[in-house]
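The structure appears right after this line, and notes come after that.
Along the sequence shown, the residues carry numbers beginning at 1. We use all heavy atoms of the structure for the numbers below, so side chains are in, but hydrogens, waters and symmetry mates are not.
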Amino acid sequence: MSNKKIIFTDKAPAPIGPYNQAVLMGNILYTSGQIALHPTTMELVLDDIETETKQVMENMKAVLEAADMTFDNVVKTSIFIMNMGDFAIINNVYGSYFDEKIAPARETVQVACLPKNVNVEISMIAMK
């Protein structure tokens, strides 16, 4: 495990449990799920699903940047949502962060509950 590197940035929310924002193993980055916590105040940003999703993606952007990566490096994304009726809005915001020609593989799953009762959580795997 000598090439395991913990990734942390104060530009994304600090972990609220026994986990890290991301772990870099060799050239592969595994991120923890991000929710719409504002990194400075640690308050939830739940104005509407579009604003919430944008905060999640901005948090993820900060984690990727802390590992010297961008959304172009992302190869796999998992999106967990509370209401599949929000899919189109979430998808639109999410899609604005990627070049569609090289967008990652992805699944989107409706779940019964998410941490802090948020509406969306996203995690990613990226490669250098």
Side-chain angles (χ1 to χ4, degrees):
M1 289 275 177
S2 62
N3 62 349
K4 178 180 176 180
K5 180 181 177 188
I6 302 304
I7 302 299
F8 176 82
T9 177
D10 60 4
K11 295 179 181 170
I16 55 176
Y19 62 91
N20 289 291
Q21 292 169 333
V23 174
L24 184 65
M25 282 292 292
N27 66 342
I28 303 174
L29 181 72
Y30 300 91
T31 74
S32 291
Q34 285 292 324
I35 60 174
L37 281 170
H38 189 279
T40 305
T41 65
M42 290 299 285
E43 296 291 326
L44 288 170
V45 179
L46 303 176
D47 303 339
D48 55 56
I49 193 64
E50 184 173 3
T51 304
E52 183 176 352
T53 305
K54 183 171 175 45
Q55 184 65 57
V56 171
M57 293 301 288
E58 288 297 312
N59 291 345
M60 192 58 68
K61 179 180 178 182
V63 172
L64 290 168
E65 287 175 350
D68 296 320
M69 295 190 197
T70 70
F71 286 107
D72 289 349
N73 295 99
V74 177
V75 296
K76 179 74 166 60
T77 302
S78 298
I79 302 177
F80 305 95
I81 61 177
M82 289 290 294
N83 179 356
M84 199 55 80
D86 291 332
F87 175 81
I89 297 168
I90 293 167
N91 193 53
N92 187 51
V93 174
Y94 167 91
S96 71
Y97 285 82
F98 290 98
D99 175 347
E100 196 170 321
K101 293 177 184 154
I102 59 168
R106 176 184 90 184
E107 71 263 337
T108 303
V109 181
Q110 181 173 318
V111 296
C113 191
L114 287 166
K116 296 191 172 277
N117 295 312
V118 298
N119 299 295
V120 60
E121 180 175 7
I122 300 174
S123 65
M124 297 180 178
I125 299 172
M127 291 185 69
K128 283 192 177 185

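Scanning both residues, Ile79 and Arg106, for their nearest heavy atoms gives CD1-CD, 3.5 Å. Closest non-hydrogen pair, Ala22 versus Val63, comes out as CB-CG1, 3.6 Å. When all heavy atoms are compared, the tightest approach of Phe8 to Gln21 is CA-OE1, 3.0 Å. The heavy-atom pair separating Ile122 from Met60 by the smallest distance is O-CE, 3.1 Å. Annotation for Leu29 and Ile7: closest pair CD1-CG1, 3.7 Å, computed over non-hydrogen atoms. Between Met69 and Ala126, the shortest heavy-atom contact is SD-CB, 3.5 Å.
When hydrophobic clusters are built by joining Ile, Leu, Val, Met, Phe, Trp and Tyr residues whose side-chain heavy atoms come closer than 4.5 Å, directly or via intermediates, Phe98 is grouped together with Leu64. Val109 is not connected to Ile49 by any chain of hydrophobic side-chain contacts under 4.5 Å among Ile, Leu, Val, Met, Phe, Trp and Tyr, and they are in different clusters. Under the 4.5 Å side-chain heavy-atom criterion for grouping Ile, Leu, Val, Met, Phe, Trp and Tyr, Phe80 is connected to Leu37 within one hydrophobic cluster. Placement of Tyr30 and Met57 in two distinct hydrophobic clusters is found when ILVMFWY residues are connected by side-chain heavy-atom separations under 4.5 Å, directly or transitively. Clustering ILVMFWY residues whenever any of their side-chain heavy atoms sit less than 4.5 angstrom apart, transitively, puts Ile16 in a cluster other than the one holding Val120.
With a 6.0 Å radius and a threshold of 12 heavy atoms from other residues, nucleotides or ligands, Glu65 has its CD atom above the threshold. At most 12 heavy atoms of other shown residues, nucleotides or ligands fall within 6.0 angstrom of atom NZ in Lys116.
Of the residues listed (Thr53, Asp48, Asp47), the one engaging Thr51 in a side chain to side chain donor-acceptor pair (under 3.5 Å) is Asp48, and it is the only one.
In terms of modelled atom types and a separation under 3.5 Å, the side chain of Glu52 and the main chain of Asn119 share a donor-acceptor contact. Under the 3.5 Å distance criterion, the side-chain polar atoms of Asn59 are matched with a main-chain donor or acceptor of Ile35.
Counting only N and O atoms by type, the side chains of Thr108 and Tyr94 include no donor and acceptor under 3.5 Å apart.
One distance of note links CG of Asn83 with CD1 of Ile89; it measures 9.5 Å at 0.5 Å rounding.
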